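See below for the structure under consideration.
Predicted, not measured: the structure shown is a model, and the values here were computed from it.
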Amino acid sequence: MKKAKIISVHIQKGGAGKTTTTSFLGGELAARGFKVLLLDTDKQKNLTVNYRLKFEEDDPEKKRKNVYNFIINSKKKDFNPFDYIIPTEFENIDMVPAVSDQPSISKELDSTNLGRLEFVKSALQDLQNAYDFIIIDCGLDLDVLSYNCYQASDFVIVPVNPEPNTKECIPPTYAFLEENMEHNPNLKAGVVFVNVDARESISRTTIASVAEGMKDICKIFDIQIRRDTNVKQAQDYRVPINLFAPKSKAAIDVSMLIDELLLELKEVCPEKMGV
């Protein structure tokens with residue numbers, strides 16, 4: 001049986017479009033008939049909020065279903081990953097959510113010496129036959145949790161918003177990728193430019209600079225996600241862009257990006273297989 005492709009979305013910069021890109025990927029892949037699991041490891045929990053998942057503070061059963069428990073409990077003998085998954089209201093999309101008061105996963109991982117770099121891999125192991133794609137919204141840090149996510153992944157997507165200060169995060173991102181690829185030789189990566197306005201010279205020069213700096217270790221995706229006010233509106237309504245405004249520039253770009261990604265991953269859409 002074919003196993004899920006695991007994709008981490010990560011860059012060490014706030015406001016770069018990391019969570020937005022994760023939402024883009026999940027929404028479009030699900031619309032094409034793929035079964036998608038989203039993993040929200042970012043302590044800001046924006047992905048969880050974007051997919052309309054809420055938790056009652058006085059409901060311990062619901063609060064138990066969160067990414068902290070999912071990862072930290074993954075090496076226990078009685079661990080069942082399905083116990084931590086919540087279906088979203090969107091077809092084909094499930095999530096392991098974040099909660100606002102969850103402890104630091106990285107601190108917990110740092111405190112153990114027993115396979116501390118393989119907790120995420122262990123947590124996802126028994127889910128790979130249940131989903132087509134598992135997409136991880138990583139936190140901002142280049143820490144042991146992000147390392148865990150990379151080691152569990154087949155592919156890392158680096159979303160880049162082409163602003164002047166974006167260049168500063170490229171060298172550490174490159175080094176982190178390079179280190180992870182040494183320990184996970186099957187890991188591949190790609191840069192996706194988001195919120196692009198080709199009319200701005202700073203966008204063009206930043207894209208050229210980042211592409212030059214990352215091309216030796218990453219695929220540079222041809223498709224760029226253009227700046228589109230519909231993206232913020234979709235976030236306000238907490239609906240994936242492909243459902244909120246399917247004919248918008250961003251939705252069209254995301255669709256073409258998924259085409260390019262599937263070719264890179266050599267995947268075939270279920271809808272094309274008659275599923």
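- The side-chain heavy atoms of Gln224 and Ile207, taken from C-beta on, include a pair separated by under 4.5 Å.
- Gln12 is not listed as a side-chain neighbour of Phe176, based on a closest heavy-atom distance of 4.5 Å or more.
- Using a 4.0 Å cut-off between a side-chain N of Lys or Arg and a carboxylate O of Asp or Glu, Arg199 and Asp197 qualify as a salt bridge.
- Side-chain N or O atoms of Thr173 include one that pairs as donor or acceptor with a backbone N or O of Cys169 at under 3.5 Å.
- Val231 and Ile252 fall within a single hydrophobic cluster, where Ile, Leu, Val, Met, Phe, Trp and Tyr side chains are chained together by heavy-atom contacts under 4.5 Å.
- Glu200 CD: more than 12 foreign heavy atoms inside a 6.0 Å radius.
- Clustering ILVMFWY residues whenever any of their side-chain heavy atoms sit less than 4.5 angstrom apart, transitively, puts Leu243 in a cluster other than the one holding Val49.
- Proximity of a side-chain donor or acceptor of Arg32 to a complementary backbone N or O of Ser255 within less than 3.5 Å is detected.
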Would you sort out whether Leu177 and Met214 count as a side chain to side chain contact (heavy atoms under 4.5 Å, CB included), showing the intermediate values?
CA-CA 10 Å; Leu177 267 171; Met214 295 291 284; 3.9 Å; yes
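- A donor-acceptor pair is defined here as one N or O able to donate and one able to accept, closer than 3.5 Å; no such pair exists between the side chain of Thr206 and the backbone of Ser203.
- Closest heavy-atom contact between Ile241 and Ala234: CD1-CB, 4.0 Å.
- Taking every heavy atom of both residues into account, Cys149 and Ile136 meet most closely at SG-CG2, 3.7 Å.
- You'll find the side chain of Asn242 stays beyond 4.5 Å of the side chain of Val254, heavy atoms only.
- Using modelled atom types, no side-chain atom of Asn161 and backbone atom of Gly17 make a donor-acceptor pair closer than 3.5 Å.
- Of the possible polar contacts, one joining the Tyr51 side chain to the Ser23 backbone as a donor-acceptor pair under 3.5 Å is found.
- In this structure, Phe244 and Gln233 have side chains that are in contact, with non-hydrogen atoms separated by less than 4.5 Å.
- Judged by distance alone, with hydrogens and angles left aside, the side-chain atoms of Glu260 form a donor-acceptor pair with the main-chain N or O of Asp222 at under 3.5 Å.
- In this structure, Asp83 and Arg64 approach most closely via the heavy-atom pair O-NH2, 3.9 Å.
- We find the OG1-CZ distance between Thr88 and Arg238 to be 14.0 Å, quoted to the nearest 0.5 Å.
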Please report the C-alpha distance between Glu108 and Ile71 in whole Å, then the side-chain angles of each, then the deciding distance to 0.1 Å, and finally whether the side chain to side chain contact (heavy atoms under 4.5 Å, CB included) criterion is met.
CA-CA 10 Å; Glu108 188 74 23; Ile71 293 173; over 6 Å; no
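- A salt bridge links Arg226 and Asp253; the closest N-O separation between the charged side-chain nitrogens and carboxylate oxygens is under 4.0 Å.
- The backbone N or O of Phe34 lies less than 3.5 Å from no partner atom in the side chain of Asp132, so there is not a single donor-acceptor pair.
- Formation of a donor-acceptor pair under 3.5 Å by the Asp154 side chain with backbone atoms of Ile6 is found in this model.
- In this structure, Ala152 and Val120 approach most closely via the heavy-atom pair CB-CG1, 3.8 Å.
- Hydrophobic clustering (ILVMFWY, side-chain heavy atoms < 4.5 Å, transitive): Leu263 and Ile258 are in distinct clusters.
- A side-chain donor-acceptor contact under 3.5 Å links Ser104 to the backbone of Lys107.
- Counting heavy atoms from C-beta on, the side chains of Asp42 and Leu47 never come closer than 4.5 Å.
- Side-chain atoms of Thr19 and Asn46 form no donor-acceptor pair, as typed in the model, at a separation below 3.5 Å.
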Let's go through Asp259 and Ile223 carefully: what are the C-alpha distance in whole Å and the side-chain angles of both, what is the deciding distance for side chain to side chain contact (heavy atoms under 4.5 Å, CB included) to 0.1 Å, and is it a yes or a no?
CA-CA 10 Å; Asp259 289 340; Ile223 300 301; over 6 Å; no
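- With no hydrogens or angles considered, a side-chain donor-acceptor pair links Asp40 and Thr48 at under 3.5 Å.
- Contacts of Ala123 classified as side chain to side chain contact (heavy atoms under 4.5 Å, CB included), with partners at least two apart in sequence or in another chain: Phe70, Ser74, Phe79.
- Inter-residue side-chain proximity for Val196 and Pro162 is flagged as met; some heavy-atom pair is nearer than 4.5 Å.
- In this structure, the side chains of Asn230 and Lys249 stay at 4.5 Å or more apart for every pair of heavy atoms.
- Shown here for Ser146 and Cys138, the closest heavy-atom pair between the two residues is OG-CB, 4.5 Å.
- When the side chains of ILVMFWY residues are joined at heavy-atom separations under 4.5 Å, either directly or via intervening members, Leu140 and Val67 end up in two distinct hydrophobic clusters.
- Using a 4.5 Å cut-off on side-chain heavy atoms (C-beta onward), Phe193 and Ile220 make contact.
- Distance alone, capped at 3.5 Å, is enough to place a donor-acceptor pair between the Asn148 side chain and the Phe119 backbone.
- Hydrophobic clustering of Ile, Leu, Val, Met, Phe, Trp and Tyr side chains at less than 4.5 Å, counting indirect connections, unites Val156 with Val144.
- Annotation: Lys167, atom NZ; neighbour count of heavy atoms from other residues, nucleotides and ligands within 6.0 Å is above 12.
- From Leu39, atom CG reaches atom CD1 of Ile7 across 13.0 Å, with rounding to the nearest 0.5 Å.
- Closest approach of Leu265 to Phe133, counting heavy atoms only: CD1-CE2, 3.8 Å.
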Test Thr41 against His10 for side chain to side chain contact (heavy atoms under 4.5 Å, CB included), laying out the working first.
CA-CA 11 Å; Thr41 70; His10 188 220; over 6 Å; no
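- Residues passing the side chain to side chain contact (heavy atoms under 4.5 Å, CB included) test with Gln151 are Tyr147, Asn180, His183, Asn184, sequence neighbours excluded.
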